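Hydrogens, waters and symmetry mates play no part in the numbers below; they use all other heavy atoms, side chains included. Computed from a predicted model, the values in this text were never measured in an experiment.
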2 protein chains.
Amino acid sequence: MVTSDEVARLAGVSRTTVSRVLSGSGRISEEVRQRVLEAAASLGYEPNVVAQSMVRQRSRTIALGLFHVEEGLSFSRLGETKHYFYLDVLKYIEEEAANAGYDLLQPSRPLGRTPESYVRALQTRQVAGAVMLALSSTDPRIPALIQAHIPTVFIDAVGQGPGATYVKGDHVSGARQVTEHLLALGHKRMAFFVGPSSNMFGMERLFGAQQALASAGRSLDPGLVRQSGWNMQQAYEAAAQLLSERRDFTAIIAGSDLMAIGILRALRERGLHVPGDVSLSGFDDLELASYIDPGLTTVRQDRVAMGRSAIQLLLRLIQGEQHLAPFVLPTQLIARQSTGPAPSV
Amino acid sequence: MVTSDEVARLAGVSRTTVSRVLSGSGRISEEVRQRVLEAAASLGYEPNVVAQSMVRQRSRTIALGLFHVEEGLSFSRLGETKHYFYLDVLKYIEEEAANAGYDLLQPSRPLGRTPESYVRALQTRQVAGAVMLALSSTDPRIPALIQAHIPTVFIDAVGQGPGATYVKGDHVSGARQVTEHLLALGHKRMAFFVGPSSNMFGMERLFGAQQALASAGRSLDPGLVRQSGWNMQQAYEAAAQLLSERRDFTAIIAGSDLMAIGILRALRERGLHVPGDVSLSGFDDLELASYIDPGLTTVRQDRVAMGRSAIQLLLRLIQGEQHLAPFVLPTQLIARQSTGPAPSV
DNA sequence: CTGAAAGCGCTTACAG
DNA sequence: CTGAAAGCGCTTACAG
């Protein structure tokens with residue numbers, strides 16, 4: 001690797017000057033500037049990023065924390081909704097970080113998996129900040145990161161502090177919209193499939209549904225609220241269970257599109273038609289939602305804004321701004337064929 | 001941040017000794033060892049990783065190259081098969097890298113997007129090696145990485161050199177198995193949906209299918225081979241096109257599960273039943289494949305082995321081994337309900 | 001406008 | 001077994 005020393009020698013200047021020319025800081029005579037630039041180009045010089053991080057006491061790096069690393073899903077099957085949904089968010093995180101000249105890093109952590117070890121790993125790597133994607137709301141890294149004053153943006157998890165804020169979808173509104181949609185179609189009794197209890201959004205959505213029901217002078221039947229994992233299999237099982245117990249509902253509101261696909265299978269196996277017998281809605285609007293049969297009514301979240309705004313907020317935190325307000329991104333009902341008029345009794 | 005100097009002072013030894021105790025290198029008296037360990041623990045000391053990388057001239061970091069960063073899919077929609085499929089592979093890459101104590105890094109590259117700039121980015125970050133996931137076979141970074149002698153393992157892309165090797169699924173065998181399965185069901189004319197021409201696996205699969213057909217004394221009709229993107233939408237469009245042209249086939253072999261879902265929709269819209277009128281198979285065995293209706297016959301690839309073996313090979317390359325043989329992972333037919341006996345004419 | 005010197009926090013020959 | 005010193009490749013006060 002070429003060093004700044006070689007460039008300096010070739011250009012007949014000091015390393016100080018090379019550094020200044022390349023970083024664009026300080027007054028430099030145009031003639032020297034040209035000489036240095038030419039020398040650097042001819043040698044194919046680029047500054048050693050590690051050395052820069054060392055001297056600056058901070059690397060131009062953003063740590064990326066993902067659900068699936070932490071939750072010990074090592075042997076779980078593919079198909080967690082979150083993965084499919086957040087994959088796209090991830091893409092925009094990468095893009096936006098790259099545009100800002102930041103590397104993305106997933107640190108290894110040999111020393112146990114305590115939240116402290118995670119924070120320590122970020123500190124010893126001198127990361128500028130962290131983006132944490134879809135952590136469980138009980139993840140102990142959330143308070144640890146906030147307390148350590150590492151600039152952090154949480155996506156779909158709630159964490160706030162002087163140097164931390166979050167971005168999330170408006171689940172309350174999303175659930176309200178679906179519920180209103182179903183009420184308008186004449187449905188009076190609906191079942192709700194929410195995610196695991198460690199996830200706050202299930203509760204938010206339930207709240208949104210309750211709002212809509214209350215506005216219509218109705219209330220939620222607790223016996224029709226079911227919890228399951230975000231994936232197809234667990235939703236399938238929970239739906240089979242529900243169907244074996246009772247069938248006094250005409251619609252099911254699923255917590256994710258993949259859950260809806262699992263539920264759809266359980267309905268099919270019982271010979272129930274969607275939406276003829278039961279209306280069904282998802283959440284997320286995966287591309288898949290429009291391809292399955294029947295096309296799935298669902299709630300769209302803005303994945304682009306989610307990824308981009310997370311990095312934009314983080315950059316502001318890195319630059320020292322404090323106490324940034326969280327972003328709550330709008331959600332939108334996408335009505336397709338899986339919801340229809342309530343069957344007349 | 002605590003430095004080794006503070007630990008040294010507290011323990012009453014030199015930084016040299018602190019370093020040796022913590023790295024476990026060199027003879028150290030038991031008593032001194034204890035003192036240092038206690039001092040480090042009480043101060044919460046961990047070595048600065050950036051400084052270590054600096055002095056070692058190499059960071060304990062693996063660069064991770066992903067399809068979607070390079071291909072400029074910024075505005076594409078969600079649903080590229082690759083993403084869903086490789087997401088799981090990615091998980092095992094992360095796991096295996098973390099076990100070996102390596103960070104994963106996605107470098108930003110502001111200076112144009114030439115293959116040279118990519119290589120340079122890895123070099124200036126002193127990465128130990130790179131894992132490149134599902135690059136297009138024409139990606140110029142493949143030769144660039146090989147030539148730069150950066151230890152690299154390609155996954156589902158072919159690249160070889162003294163310090164580079166690859167891991168891929170056995171697409172030939174997978175396609176042969178599906179084709180044989182369909183032949184056994186009495187199908188005589190089948191259509192093939194392969195991926196983009198820049199992707200070699202489409203060709204491999206075609207070759208596998210040809211092998212099976214040849215063994216049965218049959219040959220491939222070039223007019224029944226269609227190219228499209230790996231996603232639902234493009235496969236849907238290509239299938240609609242094919243169906244508008246001709247219908248003298250009884251089975252469709254899709255290049256991925258998501259393509260199969262797109263094709264399924266096109267068939268449905270024409271009132272064709274699967275497998276009554278047309279048998280349909282996918283590739284990948286996403287969990288989804290068993291949930292859609294009808295359950296999708298497909299080819300399973302071993303994602304766990306794909307991720308894990310890639311890192312294991314890379315670690316050997318990093319340690320200096322050369323010219324490692326590529327891993328070709330077995331594929332396995334998973335027969336479900338979407339394939340059935342050929343309709344009698 | 002330019003440079004000599006110090007220093008970022010480690011590790012590693014080299015001595016003893 | 002232990003330590004003083006050099007050095008990894010930069011950047012940044014401090015001088016001039």
- [ ] Heavy atoms under 4.0 Å is the rule here; annotate nucleotides 11-16 of chain D 5' to 3' with B where the base is hit, S where only the sugar-phosphate is, and - elsewhere.
- [x] BBB---

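- Atom CD of Glu6(A) is separated from atom P of dG9(D) by 9 Å (rounded to the nearest Å).
- Cation-pi geometry between Arg308(B) and Tyr92(B) is not satisfied (NZ or CZ under 6.0 Å from the ring centre, within 45° of the ring normal).
- Dashed line: the shortest gap from a side-chain N or O of Gln57(B) to OP1 or OP2 of dG9(D) is under 4.0 Å.
- Residue Ser29(B) is the one, among Ser29(B) and Met54(A), whose nearest nucleotide of DNA chain D lies closer to the 5' end (criterion: closest heavy atom).
- Spacing between atom CZ of Arg125(B) and atom P of dG9(D) amounts to 17 Å, rounded to whole angstrom units.
- The CZ atom of Arg9(A) sits 13 Å away from the P atom of dA4(C) (whole-angstrom rounding).
- Put simply, the residue from Val167(B), Thr165(B), Leu133(B), Leu145(B) that forms a side chain to side chain contact (heavy atoms under 4.5 Å, CB included) with Phe154(B) is Leu145(B).
- Heavy atoms of Val50(A) sit nowhere under 4.0 angstrom from any nucleic acid atom.
- Between Asp5(A) atom CG and dG7(D) atom P there is a gap of 13 Å when expressed in whole angstrom units.
- One finds the CG atom of Leu64(B) at 15.5 Å from the OH atom of Tyr102(B) (value rounded to the nearest 0.5 Å).
- In terms of phosphate contacts, Thr17(B) brings a side-chain nitrogen or oxygen within less than 4.0 Å of OP1 or OP2 of dG3(D).
- Using a 3.5 Å distance cut-off with no hydrogens or angles, the side chains of Ser19(A) and Thr16(A) do not pair a donor with an acceptor.
- A donor-acceptor pair under 3.5 Å is absent between the side-chain atoms of Arg316(B) and the main chain of Glu321(B), judged by distance alone.
- Contacts of Val36(A) with the nucleic acid, taken as non-hydrogen atoms under 4.0 Å apart, are absent.
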TODO: Can you run through DNA chain D from 5' to 3' and write each base as (, ), [, ], | or . depending on how it pairs? Watson-Crick or G-U wobble, both distances under 3.5 Å.
DONE: |||.||||||||.|||

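- Computed from coordinates, the Arg58(B) CZ to dG7(D) P distance equals 23 Å when rounded to whole Å.
- Contact annotation for Val32(A): backbone-only contact, meaning every heavy-atom pair under 4.0 Å involves sugar-phosphate atoms and none involves a base.
- Across all strands shown, Val49(B) has no heavy atoms under 4.0 Å from either base or sugar-phosphate atoms.
- Using a 4.0 Å cut-off between charged nitrogen and carboxylate oxygen, Glu31(A) and Arg35(A) count as a salt-bridge pair.
- The existence of a salt bridge linking Arg125(B) and Asp103(A) is confirmed by a sub-4.0 Å separation between a basic side-chain nitrogen and an acidic carboxylate oxygen.
- Other residues, nucleotides and ligands place more than 12 heavy atoms under 6.0 Å from the CD atom of Gln34(A).
- When only modelled atom types and interatomic distance are considered, Asp156(B) and Tyr166(B) share no side-chain donor-acceptor pair under 3.5 Å.
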